[in-house]
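These values consider heavy atoms only, across backbone and side chains, with no hydrogens, waters or symmetry-generated copies. Everything numeric here is computed off the predicted structure, so don't read it as measured data.
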Amino acid sequence: MVTVPNAVIFVQTERFDVHAARCLDYCAAMRYDVAGLICGDWNAALQMLKDGLATVIVVSSMSQLDPQREPRIEIVPKRMNARRTTRPRLAARVAAR
């Protein structure tokens with residue numbers, strides 16, 4: 001039996017309808033059950049996770065998140081510069097040159 005994740009949607013008050021619709025469409029595409037839609041209260045969304053009412057918080061974009069939120073969540077951009085394949089130089093070696 002496959003368990004369908006419960007989602008809580010978090011949306012800021014600015015352009016609420018646009019962002020809420022986008023999140024609802026996403027949840028439908030992912031087949032998430034929507035346990036709640038929270039407007040502007042990040043702590044309430046976190047409480048739904050803590051209470052076990054939801055397993056994921058869905059936001060329409062990074063701009064919808066409160067920059068002071070806890071826990072801190074970061075999303076890696078799709079395209080990043082290639083990682084360095086060599087070891088970084090030690091500061092002592094660079095200073096000696």
Side-chain angles (χ1 to χ4, degrees):
M1 175 186 266
V2 177
T3 304
V4 176
N6 289 337
V8 58
I9 296 172
F10 174 79
V11 181
Q12 296 288 0
T13 55
E14 301 84 26
R15 296 184 60 203
F16 173 84
D17 53 343
V18 172
H19 292 290
R22 186 172 178 204
C23 290
L24 287 166
D25 288 346
Y26 176 82
C27 287
M30 297 300 291
R31 295 194 168 125
Y32 291 165
D33 288 334
V34 177
L37 198 152
I38 305 292
C39 181
D41 186 354
W42 180 252
N43 289 329
L46 285 177
Q47 191 61 47
M48 288 189 73
L49 290 179
K50 290 176 186 173
D51 292 344
L53 299 172
T55 55
V56 62
I57 297 176
V58 174
V59 296
S60 67
S61 70
M62 285 296 291
S63 66
Q64 289 293 297
L65 292 175
D66 177 1
Q68 301 303 316
R69 67 195 176 277
E70 292 293 330
R72 184 173 173 168
I73 300 170
E74 296 184 8
I75 298 174
V76 176
K78 290 181 181 179
R79 183 156 179 94
M80 293 181 59
N81 293 338
R83 294 179 69 182
R84 293 176 70 171
T85 56
T86 60
R87 292 181 20 198
R89 294 182 181 178
L90 295 175
R93 288 185 188 167
V94 173
R97 288 185 176 187

A.B. asks: Grab the two heavy atoms, one from Pro5 and one from Thr55, that are nearest each other, plus how far apart they are.
C.D. replies: CB-OG1, 3.4 Å
A.B. asks: Check the pair Ile57, Trp42 against side chain to side chain contact (heavy atoms under 4.5 Å, CB included), reporting the backbone distance first and the verdict last.
C.D. replies: CA-CA 10 Å; Ile57 297 176; Trp42 180 252; 3.9 Å; yes
A.B. asks: I need the minimum non-hydrogen distance between Glu14 and His19, along with the two atoms involved.
C.D. replies: O-CD2, 3.5 Å
A.B. asks: To the nearest 0.5 angstrom, please state how far the SG atom of Cys23 sits from the CG atom of Leu37.
C.D. replies: 7.5 Å
A.B. asks: Is any side-chain heavy atom of Tyr26 less than 4.5 Å from a side-chain heavy atom of Val58?
C.D. replies: yes
A.B. asks: Atom CD in Gln47, atom CG in Leu49: separation rounded to 0.5 Å?
C.D. replies: 9.5 Å
A.B. asks: Linking I/L/V/M/F/W/Y whenever their side-chain heavy atoms sit closer than 4.5 Å, directly or via other members, would Val56 and Met48 fall into one cluster?
C.D. replies: no
A.B. asks: Could you see if Phe16 belongs to whatever hydrophobic cluster contains Leu24? Use Ile, Leu, Val, Met, Phe, Trp, Tyr and a side-chain cutoff under 4.5 Å.
C.D. replies: yes
A.B. asks: Between Ile38 and Val8, is there a side-chain heavy-atom distance shorter than 4.5 Å?
C.D. replies: yes
A.B. asks: Which heavy-atom pair separates Arg22 from Ser61 by the least distance, and what is that distance?
C.D. replies: NH1-CB, 4.3 Å
A.B. asks: Would Val59 and Val11 count as a side chain to side chain contact (heavy atoms under 4.5 Å, CB included) if you check the C-alpha gap in whole Å, the side-chain angles of each, and the deciding distance to 0.1 Å?
C.D. replies: CA-CA 6 Å; Val59 296; Val11 181; over 6 Å; no
A.B. asks: May I ask you to test the Asn6-Tyr32 pair for a side-chain heavy-atom distance under 4.5 Å?
C.D. replies: no
A.B. asks: State, to 0.1 Å, how close Ala7 and Ala54 come at their nearest heavy-atom pair, and which atoms those are.
C.D. replies: C-CB, 4.1 Å
A.B. asks: Can you name the nearest heavy-atom pair linking Phe10 to Gly40, along with the distance?
C.D. replies: CE1-C, 3.7 Å
